[in-house]
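Let me begin by presenting the structure, written as structure tokens, before commenting on it.
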Amino acid sequence: MSTIKKLPQSMTGTLGKAGSGYPVPSDLATPSDLKPDEIKNVVTAVNPLVADAFALYTKTKNFHWHLSGSHFRDYHLMFDEQADAIFESIDILSERVRRIGGTTIRSITHISSLQTIKDNNDDFVPADKMIAELLSDNQQIARNQRKAIKTADDNNDTPTGNILQELLDNTERRIWFLFEVSRGGRNEL
């Protein structure tokens, strides 16, 4: 029967500054062979991606619900498909943070303190502006995912890097679709 080592008191504690997710309360300190600094670096890189995924999910659903115009059906379905993919990434990343010994998002306030994606609270946004904003936001997420992949790799956390690579591929797919849609009818026969 193997025993699970408790982490030293110096590695546990409260949420930390600005909801960093590390160090963690002792009851949530999942054992890991990663060094404390490696865990902290990865958690600090991944949690803002979780916050941004929540923000982008909400914005994408907002645009899905409040869309109007001649491409309503196509955009409505595309936004819903993209929102589903974004939402799925939240649990994948959050559970990865927990597996390596960190904590993740716990509230709307926590999300707003970490997100880099700007909210859109406008009453009405024309469809072309929705497309442009989602394209820009997804490009920002892709840049941050690439940085987080490097952080994971630099901190001996290949599994997190692998997860992020797959999520980056999904982000690039959204970018591709949004880019092509943004071109409008310019390339029609």
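Only a predicted model underlies this, so the values are computations on that prediction, with no experimental measurement involved. Heavy-atom basis, side chains included; hydrogens, waters and symmetry copies ignored.
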- Message: Is there a path of hydrophobic side-chain contacts, each under 4.5 Å between heavy atoms, that joins Leu56 and Phe179?
- Response: yes
- Message: With a 3.5 Å distance limit and no angle check, can you tell me whether Thr30 reaches the backbone of Arg98 through a side-chain donor-acceptor pair?
- Response: yes
- Task: Start with the C-alpha gap between Asp119 and Thr58, add the side-chain angles, then the distance that decides, and say whether side-chain contact (heavy atoms from CB on, under 4.5 Å) holds.
- Result: CA-CA 8 Å; Asp119 294 330; Thr58 302; over 6 Å; no
- Task: Return the minimal non-hydrogen interatomic distance between Lys61 and Ala83, and the atom names on each side.
- Result: CD-CB, 3.4 Å
- Please report the shortest heavy-atom distance between Val24 and Ala29, naming the atom on each side. CG2-CA, 3.4 Å
- Query: Atom NE2 in His71, atom CG in Asp128: separation rounded to 0.5 Å?
  - Reply: 10.0 Å
- Determine the minimum heavy-atom distance between Asp153 and Gly161, stating which atoms define it. OD1-CA, 4.2 Å
- For atom CD of Glu166, is the number of surrounding heavy atoms from other residues, nucleotides or ligands below 6.0 Å larger than 12? no
- Please name the residue in the list Ile141, Leu164, Asn144 that meets the side chain to side chain contact (heavy atoms under 4.5 Å, CB included) test with Thr171. Ile141
- Message: To check you understand the geometry: which heavy-atom pair defines the closest contact between Ile117 and Gln115, and what is its length?
- Response: O-NE2, 2.6 Å
- Query: Can you tell if the side chain of Gln165 reaches within under 4.5 Å of the side chain of Asn162, non-hydrogen atoms only?
  - Reply: yes
- Task: Look at the side-chain heavy atoms of Ile, Leu, Val, Met, Phe, Trp and Tyr, link any pair under 4.5 Å apart, and say whether Val50 and Ile92 land in one connected group.
- Result: yes
- Message: With clusters defined by side-chain heavy atoms of hydrophobic residues (ILVMFWY) lying less than 4.5 Å apart, directly or transitively, does Phe54 cluster with Ile108?
- Response: yes
- Query: Quick one: which of Asn41, Val46, Ile39 gives a side chain to side chain contact (heavy atoms under 4.5 Å, CB included) with Val43?
  - Reply: Ile39
- Task: Examine distances only and state if a side-chain atom of Ser89 and a backbone atom of Ile86 form a donor-acceptor pair shorter than 3.5 Å.
- Result: yes
- Looking at Asn156, Thr151, Asn155, which hits side chain to side chain donor-acceptor pair (under 3.5 Å) with Glu38? Asn156
- Message: With side-chain contact (heavy atoms from CB on, under 4.5 Å) as the criterion, how do Arg96 and Asp157 come out once you've worked through the C-alpha distance, each side chain's angles and the decisive distance to 0.1 Å?
- Response: CA-CA 10 Å; Arg96 181 65 197 159; Asp157 190 4; 2.6 Å; yes
- Item | Residue pair Arg73 / Leu77, side-chain heavy-atom distance below 4.5 Å | yes
- Message: Would you say that Ile105 contacts Val97 through its side chain, given a criterion of any heavy-atom pair below 4.5 Å between the two side chains?
- Response: no
- Message: Rounded at 0.5 Å granularity, tell me how far CG in Asn138 sits from CZ in Arg174.
- Response: 4.5 Å
- Value for OG1 (Thr60) from CD (Glu81), rounded to nearest 0.5 Å, stands at 12.0 Å
- Item | Taking every non-hydrogen atom, the tightest pair across Phe79 and Leu178 | CE2-CD2, 4.3 Å
- Interatomic distance, CD@Gln82 vs NZ@Lys59, rounded to 0.5 Å, equals 13.0 Å
- Is it true that a side-chain atom of Asp80 and a backbone atom of His76 form a donor plus acceptor pair closer than 3.5 Å? no
- Query: Heavy atoms, side chains only, cut-off 4.5 Å: are Pro126 and Phe124 in contact?
  - Reply: yes
- Would you kindly confirm whether Leu28 and Ile100 end up in one hydrophobic cluster when ILVMFWY residues are joined by side chain heavy atoms under 4.5 Å apart? no
- Message: Give me the atom names and distance for the closest heavy-atom approach of Met78 to Ile131.
- Response: CE-CD1, 3.9 Å
- Look only at the side chain of Asn62 and the backbone of Asn120, and say whether a donor-acceptor pair between them is shorter than 3.5 Å. yes
- Asp122 bridged to Lys129 by N-O distance under 4.0 Å: no
- Message: So, taking the atom named CD in Glu172 and the one named CZ in Arg146, what distance separates them when rounded to the nearest 0.5 Å?
- Response: 4.5 Å
- Message: Are more than 12 heavy atoms, taken from residues, nucleotides or ligands other than Glu88, located less than 6.0 Å from that residue's CD atom?
- Response: no
- Would you call Glu180 and Arg183 a salt bridge, taking side-chain N to carboxylate O under 4.0 Å as the test? yes
- Item | Transitive ILVMFWY side-chain link Trp176 to Leu134, under 4.5 Å | yes
- Rounding to 0.5 Å, atoms CH2 (Trp65) and CG (Leu67) come to a distance of 13.0 Å
- Task: Answer with yes or no whether the side chains of Asp52 and Thr116 bring together a donor and an acceptor at under 3.5 Å.
- Result: yes
